[in-house]
Amino acid sequence: MKLLPVVDFGSRSSTTIAELDAACRAHGFVLAVNSGISKALSEEAFAAAKELFAMPESAKLGLTRISAATNRGYAPLKLESLNHARGADQKESFNVRFSNNDLDGCPESFVAVVPKLLEAAREACRRYTVASALALGLDPRYFSRHFETMEQCTIRFLHYPPPRGESLVRLGEHTDFGLFTLVFVDQSAAASGLQLKPEGAKEWTNVDGSEADCVVNTGALAARWTNDCWCATEHRVVVPDSTAARGHRYSIAFFFDPDPDALVAVDPKFCASEPPRYSPITAGDYLSAKLRAMAPTNA
Ligand SMILES: O=C(O)CCC(=O)C(=O)O
Ligand SMILES: [Fe+2]
């Protein structure tokens with residue numbers, strides 16, 4: 001596969017917009033620069049996340065625990081499964097949202113960086129929603145108007161410890177749920193291990209995001225709005241080589257999910273040659289169902 005295009009989130013040039021559209025139609029993955037989340041801030045966030053995950057097990061188990069209803073807090077190793085057929089994911093994580101975070105027991109550095117990241121995420125959302133609406137030939141506010149409260153957006157800090165002779169798949173194949181996701185990977189990891197498989201492809205392709213701020217991928221709600229013109233492509237995280245197998249991998253995923261009352265219905269623009277593939281659903285109903293399915297007990 002051709003290397004992923006590097007998209008400048010601040011640019012509205014016709015070349016950038018056309019590259020974004022072409023990549024999202026082909027597989028839904030691009031690399032971003034000028035995302036709104038600076039290098040210094042992502043480095044500060046990784047340092048804080050490493051401190052959080054290095055806390056003793058007993059302290060981590062005392063942190064607020066994630067549930068499908070809140071989607072905030074700590075998920076211990078192997079609690080969740082993005083792909084049930086494959087078993088538990090080899091990761092622990094901590095989620096924050098735009099309000100009602102309970103950071104009791106988290107390191108000071110973590111408590112300090114969360115509000116900065118949330119503010120930067122708001123800017124990243126503004127930049128990318130406008131760029132993607134333009135790329136699709138839609139009104140510039142087509143998506144951004146559904147990110148007023150940002151209450152369904154989530155920042156997820158992830159830690160994948162060295163695998164203990166188990167599966168080399170760290171995170172099972174899945175598609176993301178929302179409009180789009182930004183993934184930052186700690187650059188000290190020898191190789192990222194993030195892979196994507198476009199529909200119909202037989203092989204997995206490595207995603208190398210080292211030249212950019214982060215990787216951006218299209219989520220299922222963008223696919224629904226565009227009648228699959230923009231793809232929500234399967235991706236996963238594997239242990240890419242023996243050096244990585246001894247290492248810890250850290251990433252931070254920003255999930256941009258529209259406000260709960262946003263009605264996601266296929267836009268007529270994408271129904272010229274075929275009927276809508278999806279019935280309308282609110283972003284609230286869609287995301288709740290997905291989060292319940294990912295939870296360990298389906299509760
Ligand atoms: O950790 C990563 O690099 C990817 C995470 C991811 O795809 C997800 O959490 O949905
Ligand atoms: Fe994902």
Side-chain angles (χ1 to χ4, degrees), residues 4 24 27-32 35 37 42 45-46 49-50 52-53 66 68 71-84 86 88-97 117 121 152-163 167-199 204-210 212-223 230-240 244 247-257 286-287 290-291 293-295:
L4 302 181
C24 291
H27 45 66
F29 275 76
V30 299
L31 305 179
S35 64
I37 298 161
S42 65
F46 277 120
K50 286 177 188 176
L52 176 89
F53 292 122
I66 196 163
N71 202 27
R72 294 169 182 79
Y74 180 62
L77 197 59
K78 300 191 194 170
L79 178 77
E80 294 169 335
S81 181
L82 267 172
N83 184 331
H84 286 293
R86 193 170 273 296
D89 298 326
Q90 314 285 323
K91 55 142 173 59
E92 56 179 343
S93 62
F94 195 97
N95 281 15
V96 298
R97 285 184 146 187
L117 275 183
Q152 295 210 108
C153 298
T154 307
I155 303 180
R156 164 166 275 211
F157 300 83
L158 292 143
H159 169 221
Y160 304 80
S167 161
L168 294 184
V169 177
R170 285 177 146 163
L171 180 69
E173 58 269 40
H174 65 280
T175 53
D176 289 355
F177 311 149
L179 188 69
F180 68 105
T181 309
L182 304 187
V183 180
F184 290 71
V185 182
D186 176 42
Q187 295 301 335
S188 61
S192 141
L194 180 62
Q195 298 184 320
L196 67 88
K197 188 155 77 165
E199 207 179 316
W204 288 93
T205 301
N206 294 323
V207 177
D208 177 8
S210 56
D213 292 356
C214 60
V215 177
V216 189
N217 70 283
T218 303
L221 290 182
W230 276 23
C231 309
T233 285
E234 282 204 321
H235 53 285
R236 66 178 187 177
V237 177
V238 297
V239 177
H248 294 253
R249 180 182 189 277
Y250 298 88
S251 60
I252 304 175
F254 292 70
F255 299 106
F256 291 96
D257 299 291
Y286 185 81
L287 190 63
K290 287 293 190 182
L291 291 176
M294 186 175 68

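Every number for a ligand or one of its atoms is a count from 1 in the order of the listing.
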- [ ] Check H174 and report its N/O/S atom nearest to the Fe ion (ligand 2), by atom name.
- [x] NE2
TODO: Of all N, O or S atoms in D176, identify the one at the shortest distance from the Fe ion (ligand 2).
DONE: OD1
Task: OG on S251 to CG on L182, rounded to 0.5 Å - done: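 Here the rounded value is 12.5 Å.
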Need the ligand 1 atom indices (1-based, order shown) with element for anything under 4.0 Å from a heavy-atom of [X].
X	result
Y160	1 (O), 2 (C), 5 (C)
V183	2 (C), 3 (O)
V237	1 (O), 2 (C), 3 (O), 4 (C)
H235	7 (O)
F255	8 (C), 9 (O), 10 (O)

Open item on the list: Quick one, V238 and Q195 - any side-chain contact, counting heavy atoms below 4.5 Å?
Closed with: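 A side-chain contact under 4.5 Å exists here.
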Task: Heavy-atom side-chain contact between I252 and I155 under 4.5 Å - done: yes
Task: Region of T181 engaging ligand 1 - heavy atom pairs below 4.0 Å - done: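 Within the 4.0 Å criterion, T181 makes no contact with ligand 1.
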Open item on the list: With a heavy-atom distance limit of 4.0 Å, tell me whether L171 approaches ligand 1 through its side chain, its backbone, both, or neither.
Closed with: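 Side chain only; the backbone of L171 stays clear of ligand 1.
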TODO: Using only heavy-atom distances, determine whether the side chains of R170 and Q90 contain a donor-acceptor pair under 3.5 Å.
DONE: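 Looking only at side-chain atoms, Q90 and R170 do not form any donor-acceptor pair under 3.5 Å.
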Task: No-hydrogen, no-angle side-chain donor-acceptor test under 3.5 Å, R72 and N95 - done: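 Not at all, the side chains of R72 and N95 share no donor-acceptor pair under 3.5 Å.
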Open item on the list: Please report whether ligand 1 has a polar contact with R156, defined as an N or O pair separated by less than 3.5 Å (distance criterion only).
Closed with: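 Min N/O separation from ligand 1 is not below 3.5 Å for R156.
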- [ ] Pick, from H159, H174, R170, E173, the option with the minimum heavy-atom distance to atom 8 (C) of ligand 1.
- [x] H174
Task: ligand 1 contacted by K91 (non-hydrogen, < 4.0 Å) - done: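 Under 4.0 Å: no for K91.
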Open item on the list: Just to verify, which of D176, T154, T175, T218 counts as forming a side-chain hydrogen bond (donor to acceptor under 3.5 Å, both in side chains) with T181?
Closed with: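 Only one option passes, and that is D176.
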Open item on the list: Parallel, tilted or perpendicular, judged at 30° and 60°: which one describes the rings of H248 and Y250?
Closed with: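 Ring orientation of H248 relative to Y250: parallel.
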Open item on the list: Tell me the closest heavy-atom pair linking H235 and L194, and the distance in Å.
Closed with: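 Smallest heavy-atom distance, with atoms named: CD2-CD1, 4.3 Å.
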